[in-house]
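Just the heavy atoms: all of them, side chains too, but no hydrogens, waters or symmetry mates, feed the values below.
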Amino acid sequence: EWEEALHGRKLTDKDVQNWLDDEYNTATTRLTDINLSKEDEIFRKMEVRFIKKLKGFINSPVVEKQFAEQAINQLMK
């Protein structure tokens, strides 16, 4: 534990994805609040949109790998 505290924790893509999932759920819950001002509504919508874009960015290597595998499989046929 001390070594981890001294050197810092290593974050994985999965750690970040889990955190983004939690943040997305929280943001969408806040967005559905009935008593939002117009400014808060705009902010919450941008928050949700930003988190969705981050999730897509983190997931992009997985998607790219799937496309590459599909292309290789098509070439092999």
Side-chain angles (χ1 to χ4, degrees):
E1 287 180 38
W2 289 3
E3 188 168 340
E4 183 178 308
L6 292 172
H7 293 289
R9 184 172 71 129
K10 302 287 188 235
L11 289 176
T12 65
D13 286 350
K14 189 65 176 166
D15 292 333
V16 175
Q17 188 71 32
N18 289 338
W19 180 78
L20 286 172
D21 288 342
D22 291 342
E23 288 299 307
Y24 180 78
N25 291 334
T26 300
T28 54
T29 298
R30 283 187 236 155
L31 179 59
T32 59
D33 187 4
I34 295 172
N35 298 321
L36 287 178
S37 68
K38 192 64 175 170
E39 292 84 14
D40 284 339
E41 182 181 350
I42 291 168
F43 176 80
R44 296 299 174 203
K45 286 179 180 179
M46 290 304 298
E47 180 182 33
V48 168
R49 185 176 182 192
F50 182 70
I51 293 169
K52 285 170 74 172
K53 286 184 177 277
L54 282 174
K55 288 175 65 163
F57 176 74
I58 292 293
N59 198 35
S60 64
V62 173
V63 173
E64 289 171 0
K65 180 182 176 189
Q66 289 172 344
F67 282 135
E69 287 172 347
Q70 288 174 355
I72 290 169
N73 285 335
Q74 290 298 323
L75 292 173
M76 301 292 281
K77 290 182 180 180

Among the clusters formed by ILVMFWY side chains lying less than 4.5 Å apart, do Phe50 and Met46 turn up in the same one?
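No; Met46 is not reachable from Phe50 via cluster members.
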Is there a path from Leu54 to Phe43 through hydrophobic residues (I, L, V, M, F, W, Y) whose side chains come within less than 4.5 Å of each other?
no
Do Val48 and Arg44 make a side-chain contact, defined as non-hydrogen atoms from C-beta onward lying under 4.5 Å apart?
no
Less than 4.5 Å apart, any side-chain heavy atom of Lys52 and any of Lys55?
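Of all side-chain heavy-atom pairs linking Lys55 with Lys52, none is under 4.5 Å.
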Nearest-0.5 Å distance, [atom1] of residue [X] to [atom2] of residue [Y]:
X	Y	atom1	atom2	answer
Lys38	Asp40	NZ	CG	11.5 Å
Glu64	Asn59	CD	CG	10.0 Å
Gln70	Gln66	CD	CD	7.0 Å
Asp15	Ile58	CG	CD1	10.5 Å

Tell me the closest heavy-atom pair linking [X] and [Y], and the distance in Å.
X	Y	result
Glu41	Leu36	CA-CD1, 4.0 Å
Leu20	Ile51	O-CG2, 3.7 Å
Thr32	Thr29	OG1-O, 2.8 Å

Could you list who else is in Val63's hydrophobic cluster, with ILVMFWY side chains joined at under 4.5 Å, directly or through other members?
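For the cluster that includes Val63, the remaining residues are Phe67.
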Are any side-chain N or O atoms of Asp22 and backbone N or O atoms of Trp19, one a donor and one an acceptor, separated by less than 3.5 Å?
no
Assess the residue pair Arg30 and Thr26 against the criterion (side chain to side chain contact (heavy atoms under 4.5 Å, CB included)); give the C-alpha distance rounded to whole Å, side-chain angles, the decisive distance to 0.1 Å, and a yes or no.
CA-CA 6 Å; Arg30 283 187 236 155; Thr26 300; 2.9 Å; yes
